[in-house]
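Below is one structure, written out as structure tokens, with a few remarks after it.
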Amino acid sequence: MESFSVANLAVVPQPAATFFDRPCSFLTGSHLKAPFRSITKSNSPISSSAIPKPIRAVFSEVVAAGSNLGCQQEMITREEGLIIYEDMILGRTFEDMCAQMYYRGKMFGFVHLYNGQEAVSTGFIKLLKQQDCVVSTYRDHVHALSKGVTARSVMAELFGKATGCCRGQGGSMHMFSKEFNMLGGFAFIGEGIPVATGAAFTSKYKREVLKEPCDDVTLAFFGDGTCNNGQFFECLNMAVLWKLPIVFVVENNLWAIGMSHLRSTSDPEIWKKGAAFGMPGVHVDGMDVLKVREVAKEAISRARRGDGPTLVECETYRFRGHSLADPDELRNPDEKAHYAARDPIVAFKKYLIEKNLAKESDLKSIEKKIDELIDDAVEFAEASPVPPRSQLLENVFADPKGFGIGPDGKYRCEDPGFTQGTAQV
Amino acid sequence: MMRCVTRSNTISSESIVSVSMVLNQCLRRIGHVLSFGPRNYSTASKQMNVRDALNSALDEEMSADSRVFMMGEEVGEYQGAYKITKGLLDKYGPDRVVDTPITEAGFAGIGVGAAYYGLRPVVEFMTFNFSMQAIDHIINSAAKMNYMSSGEISVPIVFRGPNGAAAGVSSQHSQCYAAWFGSIPGLKVLTPYSSEDARGLLKSAIRDPDPVVFLENELLYGESFPITEEALDSSFCIPLGRAKIEREGKDVTIVAYSKMVSYSLMAAEILSKEGISAEVINLRSIRPLDRDAINVSVRKTNRLVTVEEGFPQHGVGAEICASVVEESFEYLDAPVERICGADVPMPYAANLERLAVPQIDDIVRASKRACYRSTSGSMTVSG
């Protein structure tokens, strides 16, 4: 694994991810016969592993030229551009407001913010249908918002109010929504991956056993630290084995709390690990929403067609600490500056204006609209009631009394003839 | 009050010290009746917080025996997720303070293997909730090993980390594991409360030839307790399986461990103003459980209240109650009162969380109930 200095970074613009060089042999499973070669970006020097110790200041050319966005084959329409921009601004503004509210004591416990990684969430989730599933980690506010959960219900959940998406019982790390198929929100690293694999299993089962027309796809979002966890590898194996409609999205932001990815991983290039299981592994610049979107389109349509899973490693960065309680002392300020210069929102705004897809005023009005939306969400959350005492004991089971289902298929406790046990105390 | 201090627990230790200093100053100024921890006797000269107590114990044991090493997430460069291992990396180097990738099953297993083969690992779980990912190794590879191998292979390992509820961290981060681990033969389970407990029990645990699960409490890390010169000595060890009478009394026995000891002591203060003298026992050790101390106390006071944060069914209180009923039944003048966490996963909302964890009034009310009720009265028909 070579290490590249930042000088290369400035001079060589990021190529678009060019996976699927169309070797059909791979896509049809004949990789089982031939030694597998993973199809990924062939010679981009930029991978997370290439960022060594102290980073020198980034050449101003990179920022000025916006060369990150130079290689799009793909053109987006104005409407798509505005939707993408609005989603990223929503994510950023929401997270900034969370920080404010936390320091004012409205939110408590662990809050993990997503600033800087919006391109990954927007790039992937905006391509999904409502029935597709998203499974995430504790850094899940923006995934929930991109998937469609309203800012009001997420904010109320963070405040611990009864109008939150989980009625205040889940909190920051546990965003669930049946309506939008947001399946969590998990505190444990790696916990969401088997869950996502299971949701993908359900899609396939519906199609093949229940014979329903189901092409729902699942996206599993997780970080670089998770890629050293056993569950990750176990699920890569099973997803390929059973050809499940899932995309494993690694948000490689180089840090797991204070543990650098390079210190904890024998081979830091995560995209390669798909190859060991017979899955295409792709590396993409996660600070560039259009690149992410392009890769996401391919991966998601691959899953929808029934061709199986994909592992996508997005090189991204979190601008804030691991959580709002993290002093964030271990990350080099030069590294932070390097990525701050690649802010996905700034870059995309520049792109939209340069390609004449939007005017400055359009974008300003979107920003204003989102500010108002977030302020409204905060007011709503403030004004909402806290959960009533009676809510404490609710929802432990789906079954209201815990006596199970009777032979007629209804809950036993609803049967007027049912008495609770044989003894009355 | 408690919550203010604890929310800063994972921030740098300087801010923790400053927050707790400010709080302590406020309390002294107000001349507040309630104090953190046991009463200050004039003979106790030094104060030490639990975090420093644990850190000093680890430091001393690592310097005394070079087979002792630390392993866990963020224990090295980050100085510990809760700053318990602060400074140890600089002192002992990365070979003895090992930062692991995020794989509890993996590194707990590696620790167990190292213990089989001659080292003395101290494995840190960022919280004991994460021990569930490693529980196979804790129980099957560590706890059962000495028995399965008939004494051939002993496992001198310590699994330590914060246990139980913190503040606003929701259900997957708030479970208390004392009851689960306490039911396993072959495992020693310790629950320190004060700084002295933390130091003495951790040192004993590290020197112990058997697997020890060391359940700390995040909310106690920043709390300061008076500490004696004897406790500061590097050979200071506390025996396992021996409870401590934190406060003597004669009307009702309150048995608790970890954080709940501080609540019990505060409840005892309140009760003493109402003429009820409560004896507060700090268990210190869940396994082996000091049944003798509990029974002797119940035979003296005739009433028992157990307090724990964990779930009620099959909890520590259930075991204590069974032990007392088996051995001191004739001495009981009232049914045993069990105070536990609510029988629900911990909710996130602050008001619900308060309802789900025992509070001081719960202990006070239960103690009063234990004192005014008699066994004969509850069985009569009309009541």
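Each chain gets a letter, A, B and so on, in the order the sequences are listed, and its residues count up from 1.
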*Side chain, backbone, both or neither of A:Arg389 within contact of chain B (heavy atoms, under 4.5 Å)*: both

*How many angstroms lie between CZ in B:Arg354 and CG in A:Leu392, if you round to the nearest 0.5 Å?*
12.0 Å

*Do B:Pro101 and A:Thr265 have side chains that get closer than 4.5 Å, going by heavy atoms?*
no

*Return yes if some donor-acceptor pair links the side-chain N/O of B:Tyr348 with the main-chain N/O of A:Phe159 below 3.5 Å, else return no.*
no

*Where the side chain of A:Gln169 meets the backbone of B:Ala349, is there a donor-acceptor pair that is under 3.5 Å apart?*
no

*B:His173-A:Phe110 aromatic ring centre distance below 6.0 Å*: yes

*Flag if over 12 foreign heavy atoms under 6.0 Å of NZ, A:Lys106*: no

*asked:* So for B:Glu77, is it side chain, backbone, both, or neither that comes closer than 4.5 Å to the heavy atoms of chain A?
replied: both

*Looking at B:Glu73, B:Glu104, B:Gln172, B:Met126, which makes the most heavy-atom pairs under 4.5 Å with chain A?*
B:Gln172

*To the nearest 0.5 angstrom, please state how far the CD atom of A:Glu191 sits from the CE atom of B:Met132.*
7.5 Å

_Out of B:Leu352, B:Asp343, B:Thr100, return the one with the most heavy atom pairs under 4.5 angstrom to chain A._
B:Leu352

*B:Ala342 versus chain A, heavy atoms under 4.5 Å apart: side chain, backbone, both or neither?*
side chain

*Please tell me if the side chains of B:Gln133 and A:Phe188 come closer than 4.5 Å, counting only heavy atoms from C-beta onward.*
yes

*Closest-packed option against chain B by number of heavy-atom pairs under 4.5 Å, given A:Val396, A:Leu330, A:Val111*: A:Leu330

*Residue B:Asp99 versus chain A: region with a heavy atom under 4.5 Å*: both

_Under 4.5 Å from any heavy atom of chain B, what part of A:Ile257 do you find: side chain, backbone, both or neither?_
both

*asked:* I'd like to verify something: which residue of A:Gly170, A:Ser260, A:Gly164, A:Ser172 has the highest number of heavy-atom pairs under 4.5 Å with chain B?
replied: A:Gly170

_Main-chain N/O of B:Ile102 paired to A:Asn228 side chain as donor or acceptor, under 3.5 Å_ = no

*Against chain B, label A:Met173 side chain, backbone, both or neither, depending on which of its atoms sit under 4.5 Å from a heavy atom there.*
side chain

*A:Phe232 side chain near B:Thr103 side chain, heavy-atom distance below 4.5 Å*: no

*Measure A:Glu394 against the heavy atoms of chain B and call it side chain, backbone, both or neither at under 4.5 Å.*
neither

*asked:* Using every non-hydrogen atom in the two residues, find where B:Val169 and A:Gly109 come nearest and quote the distance to one decimal.
replied: CG1-CA, 4.2 Å

